[in-house]
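Here the structure is laid out as structure tokens; the discussion comes afterwards.
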Amino acid sequence: MTELVHTPAELEASIGHPRTLALVPTMGALHDGHLSLVRAARTTGSPVVVSIFVNPLQFAPGEDLDAYPRTLSADVALLESEGVDAVFAPSVATMYPAGPRTTIHPGPAGMILEGASRPTHFAGVLTVVAKLFALIRATDAFFGEKDYQQLVLIRQMVADLNMPVRVHGCPIVREESGLAMSSRNRYLSADEARTAEILSRALATGSVEKARSLIDASPDVNLDYLALTTPDLREVPEGFRGPARLLVAARVGATRLIDNAAVEI
Ligand code: PAF
């Protein structure tokens, strides 16, 4: 039985203080990508808590905070069928009783790629993730590689601030068309979803040049960035051989999409 709780006290009453606890932080509007994180969390054998919180701190003015899909009862039903122990769905006042006051700065890696066009985004993400780790007393936490920069920054925060949490990155789950699953895919019309398939096809070329020419040939895809980095998001040095990451962000219609893939140079 999955319990839906809204405060840390209710969560404690529901699951007590287990020695280990696996957390899957989400903003809800769950899809198969989230469920793959839940399944990975369940392999730990620890109680599994999924948090559902649309975090205002990671949205800039003019972004889609108000429009972001909120589907709590359907989400809880899905999580029940996955055997999740508790769903923690706090209010904004529960998470930020003093308002956004002390926050976590992501450092230089938070200012590139997504951070270049969304300069306050990762401080919002890291602050809420740190609070969720502490409130829920997570020992393991699961994040998708779809938000690759987010995953790198969370690993960095955990290392730099000595947080006692194991961070697990899980592979991107894709539609049959190749489109990376995302709660924001709900904003796409059927035509836009077909157009957006070009992003995963571009990444699959494994080369910035080939990816760019595919995207450039798609007038309905408005490219924000296409970048090749080291796995920890540093610039690829001259003559580098080995694993790297190809990352893309683009607008299709009004929807901003991101995707990425591991590549071998
Ligand atoms: O990836 C997300 O859904 C969010 O950024 C997260 C990690 C739940 C923090 O709000």
Side-chain angles (χ1 to χ4, degrees), residues 6 11 21-38 40-41 48-60 63-72 74-76 78-79 84 86-96 100 103-106 109-110 113-115 117-136 138 140-158 161 163 165-173 180-187 233 247 249 255-260:
H6 300 283
L11 182 63
L21 190 149
L23 168 66
V24 181
T26 80
M27 298 206 299
L30 302 183
H31 50 68
D32 283 353
H34 295 112
L35 300 187
S36 75
L37 303 181
V38 169
V48 174
V49 174
V50 174
S51 63
I52 297 184
F53 179 62
V54 183
N55 172 34
L57 225 56
Q58 67 190 73
F59 291 79
E63 290 188 351
D64 56 343
L65 173 62
D66 294 333
Y68 199 86
R70 287 160 171 87
T71 57
L72 185 61
D75 291 346
V76 174
L78 267 178
L79 295 172
V84 164
V87 176
F88 178 59
S91 67
V92 173
T94 297
M95 288 304 285
Y96 299 115
T103 56
I104 295 185
H105 193 275
L113 303 169
E114 284 303 283
S117 52
R118 307 180 72 195
T120 57
H121 175 64
F122 289 117
V125 170
L126 295 187
T127 302
V128 81
V129 168
K131 284 178 68 74
L132 290 168
F133 285 175
L135 284 172
I136 296 173
D140 293 84
F142 292 77
F143 298 90
E145 289 185 345
K146 154 84 173 24
D147 293 296
Y148 187 78
Q149 187 176 9
Q150 165 174 289
L151 174 61
V152 169
L153 291 171
I154 290 169
R155 286 192 197 283
Q156 179 185 290
M157 169 181 76
V158 164
L161 301 183
M163 293 177 168
V165 183
R166 281 178 293 267
V167 174
H168 305 259
C170 301
I172 298 175
V173 178
M181 289 198 184
S182 162
S183 304
R184 289 192 167 99
N185 290 353
R186 294 172 194 233
Y187 300 151
L233 299 180
L247 303 108
T255 308
R256 191 164 179 285
L257 299 169
I258 58 173
D259 198 352
N260 69 87

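Order of appearance sets the numbers: ligands from 1, and atoms from 1 within every ligand. In this chain, numbering begins with 1 at the start of the sequence shown. Fair warning: this is a prediction, and the values are worked out from it, not measured in the lab.
Backbone and side-chain nitrogen or oxygen atoms of Q150 are examined, and one is located within less than 3.5 angstrom of a nitrogen or oxygen of ligand 1. Here's the thing with T26: none of its N/O atoms is less than 3.5 angstrom from an N/O atom of ligand 1.
Considering only residues two or more places apart in sequence or on other chains, R166 meets the salt bridge (charged side-chain N to carboxylate O under 4.0 Å, His left out) condition with D140. D75 pairs by the salt bridge (charged side-chain N to carboxylate O under 4.0 Å, His left out) definition with nothing, not counting sequence neighbours.
Taking 4.5 Å as the limit, every side-chain heavy atom of L153 sits out of range of all side-chain heavy atoms of V125. Contact of the H121 side chain with the Q149 side chain is not registered, since no non-hydrogen atoms from C-beta on lie closer than 4.5 Å.
Looking at atom 3 (O) of ligand 1, its nearest protein heavy atom turns out to be M27 CG, 3.6 Å.
Those atoms of ligand 1 that come under 4.0 Å of a heavy atom in V128, given as number and element, are 9 (C), 10 (O). For ligand 1 and P25, the ligand atoms under 4.0 Å from any heavy atom of the residue are 8 (C). Each of the atoms 4 (C), 5 (O), 9 (C), 10 (O) of ligand 1 lies under 4.0 Å from some heavy atom of Q58.
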**OP:** Start with the C-alpha distance between N55 and Y96, add both sets of side-chain angles, then the distance that settles side chain to side chain donor-acceptor pair (under 3.5 Å), and finish with yes or no.
**Re:** CA-CA 10 Å; N55 172 34; Y96 299 115; 2.6 Å; yes

